Structures are given as structure tokens and as C-alpha cells.
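This is a predicted model, so every value here is computed, not measured. Residue numbers run from 1 in the order of the sequence given.
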Amino acid sequence: RNEMIDLSVFNCLDCLDGLECGCLSRNKEVDLSISLILDSISSCGCFEICGHGVVQSVIQEAFDEAKKYFEQSIEDKMKTCSKDKARRGYSPSGSENFASLVTNGSPKPNDAVEKYRIGPFTNPYELSTLPISPTDAKNIRIHFFPNEWDNLPPNFKQAMFDYYEQLAKVSVFVLKVLAFCLGLPPTVFTHSVDKHTSILSLNHYSPLEYIEEVESIRIAEHTDVSMISIISQAPWGSHTGLQVCRSSSSSSSS
């Protein structure tokens with residue numbers, strides 16, 4: 001288990017963003033955080049954070065609404081099934097195979113996880129008057145494909161909007177922190193996410209009994225295609241969560 005990184009040490013008391021204004025003072029606490037982050041990303045590619053600024057009530061509401069959604073019957077959830085390759089809406093358990101991303105030729109069972117995916121709430125290109133090539137138009141359609149909001153619990157959309165917006169802000173700040181830790185200008189990465197296409201994926205994993213029955217795992221080893229991934233685990237249940245493999249050995253940790 002990695003050390004917890006408190007992102008608030010990178011804030012400035014005056015502007016709440018010491019990285020942006022350049023007024024952050026280097027001290028032992030900041031230096032220790034930098035050391036922990038660099039060690040974590042070089043050994044396993046991830047680190048655990050607190051002090052991220054996401055309001056707890058927003059987190060709780062999002063998880064509560066996700067729980068209500070997945071507790072519905074499979075018939076009701078199938079009414080919200082993803083209708084496009086852009087993957088917005090519901091994907092039932094066993095319908096995807098992340099092992100195909102890293103397979104060595106031997107087939108593996110599909111992943112025992114059902115998902116509901118939410119993309120950007122707005123399309124920054126809708127009001128653009130600039131010419132767009134056919135290739136760009138195709139990519140824009142995929143990345144900014146409309147979300148599915150029909151046949152959902154009444155508070156679901158608002159809860160996910162609030163959560164999505166706050167996580168987007170955390171993503172930008174994490175990129176600034178990473179740049180700062182590497183001795184680079186804090187905004188060196190953020191220009192790449194000014195029109196971000198972030199996906200909020202609500203993942204619900206099947207009971208262990210099901211996994212043992214089909215000789216599957218919850219989700220196969222893979223590398224995310226995003227610039228960074230933020231993973232938040234539900235406060236209920238006793239699952240150990242994400243497993244990572246450190247580069248210095250073949251052993252994994254939870």
C-alpha cells in the first residue's frame with residue numbers, strides 16, 4: 001500500500017492554487033509529498049490521494065445514486081443500454097473483455113463487471129465556426145457523444161453531473177501537481193485537457209460466487225487509454241479494490 005498523498009499541501013492559502021500563481025513555498029511537507037509521488041509513479045504508476053477538495057456530500061450522493069441504479073432489475077437496466085460504439089449508458093456484465101487489450105493469444109472469459117458510462121456533459125465544438133475535417137468530425141462525434149438519461153432514477157443525472165464536474169477539476173490539479181513534481185511549469189500538461197473527453201464509468205462487480213463459476217476475474221489486467229485515471233471505491237462492502245503490479249517485482253499489491 002502506498003503512502004497517502006495530501007494534495008492540499010500544494011495549495012496556497014491566498015488563492016487555493018499555489019501551483020498556478022507560483023506562490024507555493026517549498027517546505028519539508030511539500031518536499032516529502034513530491035518524493036512520495038515520484039516514488040509511487042515510478043514504481044507502480046499510481047498513488048492514493050486525500051485533500052482533493054471534492055465535497056463529501058457530492059461523493060456520497062453519486063455513490064448512493066449508483067447503488068440505486070445497479071440494484072434495479074436487469075430488465076430495467078437493459079432499457080438504458082449503450083446504443084453506440086461511443087459507449088454511453090449501460091453495459092451488462094460479461095459483455096466486455098479487457099484481456100483482449102493485453103492478450104498473448106490465449107482467450108480469456110469476459111469481465112464480470114457491469115458498467116454505466118457517462119461522457120462530457122457539453123460539446124465545446126457545437127458553437128465553433130471553424131472548419132472541421134471529416135476525420136476530426138468523426139472523432140468529435142465519438143468523444144462528445146450525447147449521454148443517455150432516459151429510464152434512470154430521478155436524481156441520477158444531477159448527482160452524476162456534480163460528481164463529474166468536481167472530478168474534472170481534480171484531474172486538472174493532479175496534472176499540475178505532477179508537472180510541479182517533475183520540475184516543469186505547472187500548466188505544461190493542462191493544455192491537453194482544455195477540451196477533455198473524460199469518461200465517468202460506474203463499475204459494479206459481480207459476486208465472487210459468479211466469478212468462480214465462470215472461471216473469470218472481475219476485470220482483466222489492462223492499461224487505461226486516458227491521460228490519468230481517478231479511481232474511487234464505494235464506502236460499502238469489504239473488497240480490497242484495485243491491484244497494481246510494481247515494476248521492481250512481479251508481485252501485486254491491493
Side-chain angles (χ1 to χ4, degrees), residues 54 56-103 107-123 138 140-168 197-222 224-226 229-243:
V54 181
Q56 183 57 41
S57 60
V58 170
I59 298 173
Q60 188 64 51
E61 185 69 16
F63 277 108
D64 287 347
E65 289 300 316
K67 189 171 187 287
K68 291 176 187 176
Y69 174 79
F70 287 118
E71 285 176 344
Q72 296 180 114
S73 67
I74 184 63
E75 291 78 14
D76 285 338
K77 285 182 286 189
M78 288 301 292
K79 294 176 184 177
T80 64
C81 202
S82 179
K83 301 180 179 66
D84 191 90
K85 291 182 179 179
R87 296 289 189 184
R88 299 291 187 271
Y90 181 64
S91 295
S93 184
S95 63
E96 299 180 0
N97 193 322
F98 269 72
S100 63
L101 301 176
V102 292
T103 183
K108 295 181 179 180
N110 284 2
D111 303 318
V113 56
E114 56 179 342
K115 303 179 180 180
Y116 193 94
R117 291 188 180 94
I118 301 165
F121 282 74
T122 58
N123 182 346
K138 180 180 178 181
I140 290 170
R141 178 193 176 278
I142 293 174
H143 294 307
F144 295 98
F145 193 80
N147 290 304
E148 300 281 350
W149 301 119
D150 296 330
N151 304 303
L152 290 166
N155 298 323
F156 186 88
K157 180 179 179 180
Q158 186 62 52
M160 296 309 157
F161 173 79
D162 293 342
Y163 192 47
Y164 185 99
E165 290 296 296
Q166 291 208 20
L167 286 182
T197 59
S198 303
I199 300 296
L200 173 58
S201 181
L202 309 177
N203 297 353
H204 180 239
Y205 298 92
S206 302
L208 291 172
E209 294 82 4
Y210 169 78
I211 296 173
E212 292 167 356
E213 179 182 338
V214 298
E215 298 181 351
S216 179
I217 58 175
R218 293 176 184 273
I219 191 167
E221 173 191 353
H222 64 280
D224 287 354
V225 296
S226 51
S229 297
I230 297 178
I231 300 173
S232 182
Q233 185 167 293
W236 55 82
S238 58
H239 309 304
T240 55
L242 177 71
Q243 288 183 311

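Annotation: side chain of Lys115 is in contact with side chain of Glu96 (closest heavy-atom distance under 4.5 Å). For the pair Glu148/Thr80, no side-chain contact is recorded, criterion being any heavy-atom separation below 4.5 Å from C-beta on. Leu200 has its side chain within reach of Tyr163: a pair of non-hydrogen atoms, C-beta onward, lies under 4.5 Å apart. A 4.5 Å side-chain heavy-atom check between Tyr116 and Lys77 finds every atom pair outside the cut-off. Side-chain contact between Ser91 and Arg117: present, with at least one pair of heavy atoms (C-beta onward) separated by less than 4.5 Å. Taking the side chain as every heavy atom from C-beta outward, Leu202 and Glu114 never approach each other to under 4.5 Å. Residues Glu61 and Asn155 form a side-chain contact, since some pair of their non-hydrogen atoms from C-beta on lies under 4.5 Å apart. Taking the side chain as every heavy atom from C-beta outward, Phe156 and Asn151 never approach each other to under 4.5 Å.
A salt bridge does not link Lys68 to Glu71: none of the charged nitrogens lies less than 4.0 Å from a carboxylate oxygen. Lys79 and Asp76 are joined by a salt bridge, as a carboxylate oxygen and a charged side-chain nitrogen come within less than 4.0 angstrom of each other.
Ser93 OG to Phe70 CZ: the interatomic distance, rounded to the nearest 0.5 Å, is 10.5 Å. Between Ile118 atom CD1 and Lys157 atom NZ the span is 10.5 Å, to the nearest 0.5 Å. Note: Asp64 CG to Ile59 CD1 = 11.5 Å, rounded to the nearest 0.5 Å. The distance from atom CD of Glu65 to atom CD of Gln60, rounded to the nearest 0.5 Å, is 11.0 Å. Taken from CD1 in Ile199 to NE2 in His143, the straight-line distance is 9.0 Å, to the nearest 0.5 Å.
Under the side-chain hydrogen bond (donor to acceptor under 3.5 Å, both in side chains) criterion, Ser198 pairs with His196, sequence neighbours left out.
Gln166 and Asp162 share no donor-acceptor pair across their side chains, judged by distance under 3.5 Å alone.
In this structure, the ring of Trp149 has its center less than 6.0 angstrom from the ring center of Phe121.
Judged by distance alone, the side chain of Ser82 and the main-chain N or O of Arg88 form a donor-acceptor pair under 3.5 Å.
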Starting from the C-alpha separation in whole Å, work towards a yes-or-no answer on side-chain contact (heavy atoms from CB on, under 4.5 Å) for Thr197 and Phe145. CA-CA 10 Å; Thr197 59; Phe145 193 80; over 6 Å; no
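Taking every heavy atom of both residues into account, Met160 and Ala66 meet most closely at CE-N, 3.9 Å.
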